[in-house]
Asks: 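Dropping the structure in here first, questions after.
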Protein chains: 2
Amino acid sequence: MLGSIPTTFFFLKPMTSLNLIKIAKMAGVSRSTVSRVINDHPNVSEGVRERVQRIIHDTGFQPNLSARSLRSRRSNIIGLVLPQTMDTLFSDPYFPVLTQGIARACNDYKKTLALFIEGSDKDIGQRVTQEGLLDGFVVQSVKLQESFSKKILNSNIPFVFIGRPDDPRHSFIDVDNIKGGKLAVQHLLNLGYQKIAHITGDLDTNAGKDRLLGYQMVMQELTPGFDENLVCMGDFLEESAYKVVPSLIQKGVDAIFVASDQMARGAIRGLADLGLRVPEDVGIIGFDDLSPAVSANPMLTTIHQPVREFGYKAVEMLLEKLENEDAQAQQVIMDVELIIRDSCGAKQRFIEVERH
Amino acid sequence: MLGSIPTTFFFLKPMTSLNLIKIAKMAGVSRSTVSRVINDHPNVSEGVRERVQRIIHDTGFQPNLSARSLRSRRSNIIGLVLPQTMDTLFSDPYFPVLTQGIARACNDYKKTLALFIEGSDKDIGQRVTQEGLLDGFVVQSVKLQESFSKKILNSNIPFVFIGRPDDPRHSFIDVDNIKGGKLAVQHLLNLGYQKIAHITGDLDTNAGKDRLLGYQMVMQELTPGFDENLVCMGDFLEESAYKVVPSLIQKGVDAIFVASDQMARGAIRGLADLGLRVPEDVGIIGFDDLSPAVSANPMLTTIHQPVREFGYKAVEMLLEKLENEDAQAQQVIMDVELIIRDSCGAKQRFIEVERH
DNA sequence: TTGTACGCGTTATCAT
DNA sequence: ATGATAACGCGTACAA
């Protein structure tokens, strides 16, 4: 019975997969000529070029990428490695925006973006350095696993860090976190706050360390008898800030520089639980300026970092490296900016500031 | 002068890229045998297998993926297509979580995930259907571009929709949005609210339509003289809800079912601007239950949809399709759940409900 | 300007 | 169980 299946069956799966040879035959030229047309080589006569292009267009032919990358040793795929634990990864709006910038650059430069998220399996280093898969990759440089670092350093596939890595000889792009910390504290001091606390980011990251450093530098310089107890540990996530608020209030702080907008929201929630309002009772400045975290109630004053832009730039750095593999490692530091909204109380305190 | 470049130059680029032949020579066997070992073919004697595996391990050899997929016609890369405009994409926590579920499945099944975000360039359909790049892809089915739909339907590369597409003959996975809408409204009615409004999602999407439908069904059945004017248009994003709050308050509503948590936050902010508190003055229920949107102040009562899980499941459906290309299209609807927190006022109104 | 021929590294078929 | 050999589709040096 099965044997009675009509032969029209074969028409269902066309399996017509086109290739250079078929196009060449249709155009009455050789395979090489078609290849040259596709790759925009100069030495093709105008008539032939047009004829071939017409056929390619009409048939919808697209060259096989596997074959192409096997031969040319270029896959035109670049990787994005996010080596953080999956649970915290996407509750932080930083990563989506970063990914967006990177994806946009890949679109613009006609690259395919492969996404690697370190999960339960530890062989992400294997996958990323696997031959013939990626031309290079961009890697978020927080909490890199030892085995992963070793793997990528031993391979000769180019990569660019996002965020300053521990070994600063590698190419990386980052924002000026120290300046960001300074800007925040200076603004609070300008507004007349007396006792300014800091809830840190994850101090295993350079971003967390540097934001703290900026805070400390300004506090030590401008506030006599600066008390290190005004610093509380956080981890960039909301809950960590929520928890430490009561202890800070007990110390009598009137403003807090919080190392991420997520945590700023946690802090505001913690203050609300204590019946305290922002900015009337306590002034708050966050860090990141990423939607939707800033549109809390009240709107957050924060330090803007151009995440989307440096995701884009990271790809460009990588592509440069691919063009010229012997180029020097490149380090780029992007600027940050104070964005004044409601949570710092600038509007209420403006007149007071004017007096100085 | 150039001719005087020392020949040691050649040593700089080791170009030692291993391949089957080199491994074969080291092991004293043929290329085929090495290939068999790598692919776990049964017909290899134990001694040879161990010897070859040892060399592979010691050298760190990994087969070239381009060559492999050229020959086997399997790239082991699957695509994720997010065909929304880039600006709104990542301000919605839905997409990061979805991506996370998909990435996890790709890890588990040893697939590489390629991310395609529809940007300014319109040739995403070209890229996705390009031969030899993807084995298949998963596509978020909101607002598909005409040209894109045509492209993927004409190609014979398998795909699975996330969210019910307009043509329900395709494989897709979705949640029961109608039930979600019903659950929300029923809960508000149970709590004794009298005038329940709805701020819709983007009504160009089936999710937006279905949540509205669930609302309408319950309201028409259980509230006599249901007023269609209680429905306001939104687009899933915060700002759209923020704007319509005043008009709803004028109509005297005492509760709002909002079609996304993002919008729920916008609504709460809008109410705060009018001096109204949630849930004391107005009860709110959202939809999504995605961190961090739910940890607003107050914590959101909302409809939970298992976004991470259905991202994962979508990949599994795609992989099944790859195994068995002639299989029937598959449609999967996942369940939703009411999560009671603070914004609906259940705690305050509990006793009142008990009386009934 | 165009065509011929070889090789990229792998898997699969066919011998042995 | 193992090895020789033929594809897979493409790019390019070289020849014409």
Side-chain angles (χ1 to χ4, degrees), chain A residues 15-53 55-56 59-77 129-135 157, chain B residues 13-53 55-56 59-77 110 112 129-135 157:
Chain A
M15 216 26 127
T16 54
S17 67
L18 291 169
N19 55 26
L20 287 186
I21 295 186
K22 291 190 181 138
I23 301 293
K25 278 186 183 148
M26 296 171 80
V29 295
S30 80
R31 210 171 64 211
S32 329
T33 300
V34 179
S35 174
R36 278 189 277 259
V37 170
I38 288 175
N39 295 308
D40 277 331
H41 278 238
N43 290 344
V44 181
S45 69
E46 211 40 48
V48 172
R49 160 162 278 131
E50 275 175 25
R51 194 165 77 244
V52 172
Q53 273 171 340
I55 293 178
I56 289 176
T59 58
F61 169 70
Q62 295 182 255
N64 181 297
L65 289 188
S66 301
R68 179 176 263 187
S69 49
L70 172 60
R71 177 66 228 220
S72 65
R73 305 197 152 288
R74 274 288 160 92
S75 68
N76 284 313
I77 304 177
T129 59
Q130 179 122 9
E131 227 178 317
L133 178 56
L134 303 180
D135 290 342
I157 167 172
Chain B
K13 266 198 186 177
M15 221 21 130
T16 54
S17 64
L18 291 169
N19 55 27
L20 287 185
I21 294 187
K22 291 191 181 136
I23 300 293
K25 278 185 184 150
M26 296 170 81
V29 295
S30 80
R31 203 164 74 207
S32 321
T33 300
V34 178
S35 175
R36 279 190 277 257
V37 170
I38 288 175
N39 295 307
D40 277 330
H41 279 239
N43 291 343
V44 180
S45 70
E46 212 39 49
V48 172
R49 162 162 276 132
E50 274 175 27
R51 194 164 78 244
V52 172
Q53 272 171 341
I55 293 178
I56 289 176
T59 57
F61 169 71
Q62 295 182 254
N64 181 297
L65 290 187
S66 301
R68 178 176 266 185
S69 49
L70 171 59
R71 179 62 227 214
S72 66
R73 306 198 151 286
R74 273 290 159 92
S75 68
N76 284 313
I77 304 176
K110 308 291 181 199
T112 297
T129 58
Q130 179 121 10
E131 227 178 318
L133 177 56
L134 303 180
D135 289 342
I157 168 171

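Everything numeric in this text was worked out from a predicted model, so none of it was measured. Order of the sequence lines fixes the chain letters, A, B, ..., with proteins taken first and strands second; residue numbering starts at 1 for each chain. Only heavy atoms go into these numbers, but all of them, side chains included; no hydrogens, no water, no symmetry mates.
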Asks: I need a per-nucleotide contact map over nucleotides 4-14 of chain D, read 5' to 3'. Cutoff is protein heavy atoms under 4.0 Å; write B for the base, S for backbone only, - otherwise.
Replies: BBBBBBBBB--
Asks: Does any N or O in the side chain of B:S35 come within less than 3.5 Å of the main-chain N or O of B:R31, such that one atom is a donor and the other an acceptor?
Replies: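 A pair under 3.5 Å: no.
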Asks: Drop me the distance from B:I23's CD1 to B:T33's OG1, to the nearest 0.5 angstrom.
Replies: 13.0 Å
Asks: For residues 40-51 of chain B, which side-chain donor-acceptor pairs fall under 3.5 Å, sequence neighbours excluded?
Replies:
from, atom 1, to, atom 2, distance (Å)
B:R49, NH2, B:H41, O, 2.6
B:R51, NE, B:A27, O, 3.1
B:R51, NH2, B:A27, O, 3.0

Asks: Donor-acceptor pair, distance only, cut-off 3.5 Å: does the side chain of B:S75 make one with the backbone of B:G132?
Replies: no
Asks: Just how far, in rounded Å, is P of C:dT10 from CG of B:N76?
Replies: 15 Å
Asks: Figure out the CD/C1' separation between A:E46 and C:dT2, and round it to whole Å.
Replies: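 So the CD-C1' distance, A:E46 to C:dT2, works out to 15 Å.
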Asks: So, taking the atom named NZ in B:K22 and the one named CD1 in B:I55, what distance separates them when rounded to the nearest 0.5 Å?
Replies: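 Rounded to the nearest 0.5 Å, the NZ-CD1 separation comes out at 14.5 Å.
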Asks: To the nearest Å, give me how far apart CG (A:N43) and P (C:dG3) are.
Replies: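 Rounding to the nearest Å, CG of A:N43 and P of C:dG3 are 13 Å apart.
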